[in-house]
There are 2 protein chains.
Amino acid sequence: MPTTTAEDPTTSLFRALMHPTRVAILDLLRDGEQCVCHIEAQLGKRQAYISQQLMVLREAGLVADQRSGANVYYRVTNRHVFAVLDAARALVGSKAFTATTATCNCPQCQPEWAELVLHS
Amino acid sequence: MPTTTAEDPTTSLFRALMHPTRVAILDLLRDGEQCVCHIEAQLGKRQAYISQQLMVLREAGLVADQRSGANVYYRVTNRHVFAVLDAARALVGSKAFTATTATCNCPQCQPEWAELVLHS
DNA sequence: TTAGTATATTCCATTTCTTGAATATTGCAA
DNA sequence: TTGCAATATTCAAGAAATGGAATATACTAA
């Protein structure tokens with residue numbers, strides 16, 4: 001049974017942001033859309049777990065997904081969410097999750113893709 | 001047993017903000033410090049309940065209290081928290097809690113106090 | 001169609017949050 | 001000291017979040 005009572009939208013937003021993995025996912029999407037496997041590789045968590053957190057973000061309206069072949073790409077629906085994250089970090093004085101060099105099998109992680117971007 | 005694992009400070013912040021009553025309390029403190037009875041009157045909640053939420057905000061470091069006679073006054077420790085609230089509202093498009101005309105027995109709610117402020 | 005990869009969903013046990021109720025504490029005044 | 005007002009704390013039951021495990025779905029390729 002989901003949350004049935006109409007909730008204060010501000011509270012709902014904070015509820016969605018109240019989880020380190022979800023915040024890390026949003027940070028990963030600062031650079032643009034990413035496929036699930038990429039998020040998985042970056043965060044070093046199991047696929048099902050990442051998918052669960054993506055579902056929460058999706059239901060909160062913070063991210064949207066788009067299928068492209070076998071991969072699903074997620075993006076932030078409103079970049080203003082980063083203003084919230086930045087304001088929060090300015091208050092508590094912590095840093096955003098920074099991407100590692102981890103790669104996955106998605107097209108974006110293949111060398112050919114980098115070539116494509118460079119030459120476009 | 002409290003939360004023992006060291007938590008991401010950003011997450012802790014959102015956890016503290018994830019409650020409508022706590023957000024409303026912070027909004028009430030935009031105009032400066034307020035006594036507990038005032039918050040109680042404005043929000044129309046029981047005293048023990050307000051005190052519980054104040055405890056959460058206090059433990060999160062978002063507010064500080066100061067005793068003055070029989071009354072305890074709470075204030076925001078860092079006004080930057082309002083930037084977080086404002087950014088969140090800009091994203092979800094909702095409004096801040098606005099104070100009502102409700103009054104209580106605290107000095108600030110007595111007519112004499114208004115006089116004092118006006119003449120100072 | 002079959003197999004394999006990528007992703008999503010459901011189920012469940014555990015932990016944590018919520019909030020009412022009762023009670024404790026602090027300060028003031030008589 | 002006694003009593004009262006203002007505030008804080010503790011306790012407990014129900015609701016919700018967490019995260020692991022198993023499974024389902026969607027797409028591609030052969």
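A note on names: the letters A, B, ... follow the listed sequences, proteins ahead of strands, and every chain is numbered from 1. These numbers come from a predicted model, not from an experiment.
Here the side chains of B/Asp65 and B/Val36 are not in contact, with every heavy-atom distance at 4.5 Å or above. Looking at heavy atoms from C-beta onward, A/Arg22 lies out of side-chain contact with A/Leu17 at the 4.5 angstrom threshold. Contact check for B/Leu26 versus B/Val63: side-chain heavy atoms found under the 4.5 Å cut-off.
Residue pairs meeting the ring-ring contact (aromatic ring centres under 6.0 Å, His included) criterion with at least one member in residues 24-79 of chain A, sequence neighbours excluded, do not occur. Residue pairs satisfying the salt bridge (Lys or Arg N to Asp or Glu O under 4.0 Å) criterion with at least one member in residues 31-48 of chain B, sequence neighbours excluded, are absent.
The stretch residues 58-76 of chain B touches DNA chain D through B/Arg58, B/Ala70, B/Asn71, B/Val72, B/Tyr74, each having a heavy atom within less than 4.0 Å of the strand. If you check residues 29-47 of chain A against DNA chain C, the residues with a heavy atom closer than 4.0 Å are A/Cys35, A/Val36, A/Cys37, A/Gln47, listed by number. For residues 17-26 of chain A, proximity to DNA chain D is found at A/Met18, A/His19, A/Arg22, defined as any non-hydrogen atom under 4.0 angstrom from a strand atom.
Rounded to an integer number of Å, the gap from OH of A/Tyr49 to C1' of D/dA17 is 11 Å. Rounded to an integer number of Å, the gap from CG of B/Asn105 to P of D/dC4 is 16 Å. B/Ile50 places its CD1 atom 11 Å from the P atom of D/dT7, with the value rounded to the nearest Å. Summarising the geometry, the separation between CE on A/Met55 and P on C/dA6 is reported as 20 Å, rounded to the nearest angstrom.
Under the 4.5 Å side-chain contact rule for hydrophobic residues, A/Phe82 and B/Leu85 share a cluster.
With hydrogens and angles ignored, no donor-acceptor pair under 3.5 angstrom links the side chain of A/Gln53 to the base of D/dG19.
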- prompt: Stepwise, does the side-chain contact (heavy atoms from CB on, under 4.5 Å) test hold for A/Val72 with A/Leu54?
  reply: CA-CA 11 Å; A/Val72 175; A/Leu54 282 170; over 6 Å; no
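B/Ser94 places no side-chain N or O within donor-acceptor distance of the main-chain N or O of A/Pro9, the cut-off being under 3.5 Å. Side chain of B/Ser12 to backbone of B/Asp8: a donor-acceptor contact under 3.5 angstrom is found. Of the possible donor and acceptor atoms, one in the side chain of B/Thr77 sits under 3.5 Å from a partner among the backbone N and O of B/Gly61.
For A/Arg30, the side chain to side chain donor-acceptor pair (under 3.5 Å) criterion is met by A/Asp27, A/Asp86, not counting sequence neighbours.
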